[in-house]
Amino acid sequence: MRLLRRSLAILAGLLTVALVAAVGAYWWQRPMILTGTGYAAHNACAVSHVAGRENPESDLPPNPLVPYLDAEVTERGATASLLGVLATQRAVATDGAGCTLTDGRPDVADATPIDGTKNPLTTAPAPPSEPAIDAALAKAFGDDLPDAERTALGTRAVVALKNGKLVGERYAEGFDARTPQLGWSMSKSAASLLTGIMVQRGEVRLSDSELRPEWTDDRSQITIEELLRMTSGLQWDETYDLGTPITRMLYLEPDMASYVASLPLAHEPGTAQQYSSGSTTLLCSVLAERSGLGSDVMNQRLLAPLGLSSAVMEPDGAGTPVCSSYLWMTPRDWAALGQFALQDGVWNGDRLLPADWMRKSLDVHATESTDDPGFGMSWRVNVLPDGSIRWPELPRDTFYATGHDGQKVIVIPSQDLVVVRMGFTPEADAEPSQVRLAADLIAATR
């Protein structure tokens with residue numbers, strides 16, 4: 001009996017140690033787990049409530065956590081947790097503003113309705129079949145690839161404009177011309193255009209500094225242009241990993257801009273270029289405040305004037321548009337955005353951008369260091385600062401917006417061509433097929 005009691009005591013002790021270790025491991029890994037449940041909750045909410053699709057799990061990237069994530073879509077949004085009980089995150093859906101990770105109600109203004117008649121692509125008929133264009137689109141969808149490679153490529157949409165007209169269009173099964181798709185970091189290029197419109201209206205200037213009242217140190221020197229060029233010098237790490245600023249901003253911070261603003265300087269403003277989603281989100285908080293429009297600034301200043309009626313700009317819990325990552329639009333509307341840039345900011349005969357805005361946007365400033373050569377004012381160019389060509393297959397004047405998982409808007413002014421490719425490509429490299437698509441379309445539309 002004494003031996004049995006001793007054995008039970010030892011077993012109880014071991015179980016206690018194991019339980020304590022498990023709890024400790026959970027709390028150590030909880031920030032990363034919250035990243036996973038936050039991603040899953042926001043994804044499930046937006047795919048369902050914004051895109052109107054019924055398979056949000058198909059937009060989850062490969063990750064060891066994914067098999068253990070439990071996401072549930074509700075009438076008001078979505079929730080996600082680990083194993084149904086741990087690290088629960090909640091996304092709330094708001095009419096016209098998509099989904100927001102929050103425990104309460106997001107501070108969101110009513111979204112301005114958008115008149116699609118201002119955009120000729122809204123009701124444009126599907127383009128007629130042209131063999132050379134159809135062949136280019138077929139390659140972009142991987143029709144010539146084995147099933148596994150075609151699935152990994154994951155192309156969901158291609159739209160091509162020539163001389164402002166729709167000449168090529170194709171969608172994957174489950175998608176069509178009315179399905180909004182997430183642009184991810186292509187949202188940053190839209191934020192650049194938004195900034196230009198507000199400069200044209202006299203609401204802000206590129207040289208504006210003293211952007212946050214709490215910045216009483218050298219951060220007060222940071223300008224709007226430096227946020228656009230990602231040369232603010234604020235400490236940042238864009239790596240999607242445990243405890244990095246980007247994952248904390250997107251999945252743990254209800255007021256993303258205030259979190260970014262709280263970070264110290266790692267460099268003197270203007271001296272180093274470092275890719276930072278935080279810079280763009282902070283920028284949009286400034287634009288929202290200075291316009292007086294809050295979360296509706298993107299709708300009123302950019303999306304409505306262009307007639308991008310499918311667009312949804314999602315905010316954080318404080319009502320700041322998450323301009324770094326969360327703009328949804330149909331591929332046709334993404335193409336219209338590219339066409340607006342190609343037309344140098346003129347739309348329906350009205351000049352909405354300053355006459356030199358796109359030139360400035362495509363002018364890459366030299367800095368002491370950079371992690372993204374060819375990055376201008378939130379657009380990328382084909383001719384790099386050292387004179388080399390990023391994509392030799394395409395004309396030198398090519399510029400583009402790019403986003404996570406293989407999103408691209410490629411603009412080629414010398415060919416009067418805009419090419420949009422959207423998809424879900426978390427593991428394969430989509431860029432070679434995107435460049436080939438643009439080159440093939442140049443040949444097909446001459």
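Computed from heavy atoms alone, side chains included, the values below leave out hydrogens, waters and symmetry copies. Throughout, numbering of the chain's residues begins at 1 and tracks the sequence.
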Exercise for the section: Go through the steps to decide whether Asp296 and Arg301 satisfy the test salt bridge (Lys or Arg N to Asp or Glu O under 4.0 Å), and finish with yes or no. Expected result: CA-CA 8 Å; Asp296 200 39; Arg301 291 293 184 261; over 6 Å; no
Practice task
With rounding to the nearest 0.5 Å, note down the distance linking CG in Leu437 to CD in Glu393.
Solution key: 12.5 Å
Practice task
Output yes when a side-chain donor or acceptor of Gln89 lies under 3.5 Å from a complementary backbone atom of Leu34, and no otherwise.
Solution key: yes
Problem - Heavy atoms from other residues, nucleotides or ligands near CG of Asp217 exceed 12 (cutoff 6.0 Å) - result: yes
Practice task
Measure from NZ or CZ of Arg170 to the centre of the six-membered ring of Phe141, then state whether that distance is under 6.0 Å and the direction lies within 45° of the axis.
Solution key: yes
Problem - Flag side-chain contact, heavy atom, 4.5 Å: Met186 against Val409 - result: yes
Problem - Exam field: side chain Thr155 to backbone Ala140, donor-acceptor pair closer than 3.5 Å - result: yes
Handout entry: Arg219 vs Leu234, side-chain contact (heavy atoms from CB on, under 4.5 Å): CA-CA, chis, key distance, verdict
Key = CA-CA 8 Å; Arg219 292 175 298 178; Leu234 289 172; 3.8 Å; yes
Practice task
State, with a plain yes or no, whether a side-chain heavy atom of Trp328 is found less than 4.5 Å away from one of Val47.
Solution key: yes
Problem - Under 3.5 Å side-chain donor-acceptor pair for Asp237 and Thr239 - result: yes
Handout entry: Check against salt bridge (Lys or Arg N to Asp or Glu O under 4.0 Å), Glu253 and Arg248
Key = CA-CA 6 Å; Glu253 295 290 340; Arg248 179 171 173 180; 2.6 Å; yes
Practice task
State whether the side chain of Asn382 and the backbone N or O of Trp391 hold a donor-acceptor pair below 3.5 Å, judged by distance alone.
Solution key: yes
Practice task
Let me see the working for Asn348 and Lys118 under side-chain contact (heavy atoms from CB on, under 4.5 Å), right down to the final yes or no.
Solution key: CA-CA 8 Å; Asn348 293 327; Lys118 296 181 179 180; 4.0 Å; yes
Practice task
Measure up the Trp236 and Tyr259 rings against each other and bin them: parallel (under 30°), tilted (30 to 60°), perpendicular (over 60°).
Solution key: tilted
Practice task
Would you mind reporting whether Leu384 and Ile389 have side-chain heavy atoms less than 4.5 Å apart?
Solution key: no
Handout entry: Polar side chain donor-acceptor pair, Ser324 to Lys188, under 3.5 angstrom
Key = no
Problem - Verdict with reasoning, Asp372 to Thr370, per side-chain hydrogen bond (donor to acceptor under 3.5 Å, both in side chains) - result: CA-CA 6 Å; Asp372 198 344; Thr370 178; over 6 Å; no
Practice task
Taking the side chain as every heavy atom from C-beta outward, state whether Ser220 and Asp218 have any pair of such atoms under 4.5 Å apart.
Solution key: no
Completion exercise
Rounding to 0.5 Å, atoms CD (Glu238) and OH (Tyr275) come to a distance of 5.5 Å
Problem - side-chain contact (heavy atoms from CB on, under 4.5 Å) partners for Ala288, two or more places apart - result: Val297, Pro321
Problem - 4.5 Å side-chain heavy-atom contact, Met377 and Lys360 - result: yes
Practice task
Might you confirm whether atom CD of Glu57 has over 12 heavy atoms from other residues, nucleotides or ligands at distances under 6.0 Å?
Solution key: yes
Problem - Distance in Å, Gln415 CD paired with Thr398 OG1, rounded so as to fall on 0.5 Å steps - result: 8.5 Å
Exercise for the section: Tell me, yes or no, whether the heavy-atom count around Arg76 atom CZ, taken from other residues, nucleotides or ligands under 6.0 Å, exceeds 12. Expected result: no
Problem - Backbone of Leu153 reached by a side-chain donor or acceptor of Thr425 within 3.5 Å - result: yes
Problem - Donor-acceptor under 3.5 Å (Thr244 side chain, Tyr240 main chain) - result: no
Exercise for the section: Could you tell me whether Asp103 atom CG has more than 12 heavy atoms of other residues or ligands within 6.0 Å of it? Expected result: no
Exercise for the section: Assess whether salt bridge (Lys or Arg N to Asp or Glu O under 4.0 Å) is satisfied between Arg205 and Asp208, documenting all intermediate values. Expected result: CA-CA 5 Å; Arg205 297 172 301 174; Asp208 283 350; 3.0 Å; yes
Practice task
For Glu72 and Ala78, indicate whether the former's side chain and the latter's backbone hold a donor-acceptor pair under 3.5 Å.
Solution key: no
Handout entry: Polar contact flag, side-chain donor to acceptor under 3.5 angstrom, Asp397-Ser414
Key = yes
Handout entry: Under 3.5 Å side-chain donor-acceptor pair for Thr122 and Arg332
Key = no
Exercise for the section: Provide the full list of ring pair (Phe, Tyr, Trp, His ring centres under 6.0 Å) pairs with a residue in residues 64-88, sequence neighbours left out, each pair given once. Expected result: none
Handout entry: Atom pair OG1 (Thr271) and CD (Gln273), whose distance is rounded to the nearest 0.5 Å
Key = 11.0 Å
Handout entry: Sidechain-backbone polar pair: Ser295 side chain, Ala109 backbone, donor-acceptor under 3.5 Å
Key = yes
Practice task
Return yes when atom CG of Asp115 has more than 12 non-hydrogen atoms of other residues, nucleotides or ligands closer than 6.0 Å, and no otherwise.
Solution key: yes
Problem - Exercise: do Tyr400 and Ser189 side chains pair donor with acceptor under 3.5 Å - result: no
Practice task
Indicate whether the side chain of Thr330 and that of Trp334 have a donor and an acceptor atom separated by less than 3.5 Å.
Solution key: no
Problem - Step-by-step side-chain contact (heavy atoms from CB on, under 4.5 Å) determination, Leu337 to Asp333 - result: CA-CA 6 Å; Leu337 195 78; Asp333 279 354; over 6 Å; no
Exercise for the section: Output yes when a side-chain donor or acceptor of Asp70 lies under 3.5 Å from a complementary backbone atom of Leu82, and no otherwise. Expected result: no
Practice task
Report yes if some heavy atom in the side chain of Leu282 is under 4.5 Å from a heavy atom in the side chain of Arg212; otherwise report no.
Solution key: yes
Handout entry: Stepwise side-chain contact (heavy atoms from CB on, under 4.5 Å) test for Glu225 and Ser207
Key = CA-CA 6 Å; Glu225 182 168 2; Ser207 60; over 6 Å; no
Problem - side-chain hydrogen bond (donor to acceptor under 3.5 Å, both in side chains) contacts in which one or both residues fall within residues 38-50, not counting sequence neighbours - result: His42-Glu314
Practice task
Report the C-alpha distance between Arg359 and Asp344 in whole Å, list the side-chain angles of each, state the deciding distance to 0.1 Å, and finish with yes or no for salt bridge (Lys or Arg N to Asp or Glu O under 4.0 Å).
Solution key: CA-CA 8 Å; Arg359 179 188 62 77; Asp344 197 32; over 6 Å; no
Handout entry: Enclosure of Glu210 CD (heavy-atom neighbours >12, cutoff 6.0 Å)
Key = no
Exercise for the section: Kindly indicate whether the side chain of Phe175, heavy atoms from C-beta on, has any atom under 4.5 Å from the side chain of Pro331. Expected result: no
Handout entry: Between Arg53 and Ser58, a side-chain donor and acceptor under 3.5 Å
Key = yes
Problem - Sidechain-backbone polar pair: Thr102 side chain, Gly104 backbone, donor-acceptor under 3.5 Å - result: yes
Problem - Straight-line distance of Leu265 CG to Gln235 CD, nearest 0.5 Å - result: 9.5 Å
Practice task
Please tell me if the side chains of Met329 and Gln181 come closer than 4.5 Å, counting only heavy atoms from C-beta onward.
Solution key: no
Problem - Distance, nearest 0.5 Å, that separates CD1 of Ile246 from OG of Ser325 - result: 5.5 Å
Handout entry: Check: Ser192/Thr195 side-chain N/O donor and acceptor closer than 3.5 Å
Key = no
Handout entry: Taking every non-hydrogen atom, the tightest pair across Ala190 and Leu327
Key = CB-CD2, 3.7 Å
Exercise for the section: Return yes if some donor-acceptor pair links the side-chain N/O of Asn299 with the main-chain N/O of Leu303 below 3.5 Å, else return no. Expected result: no
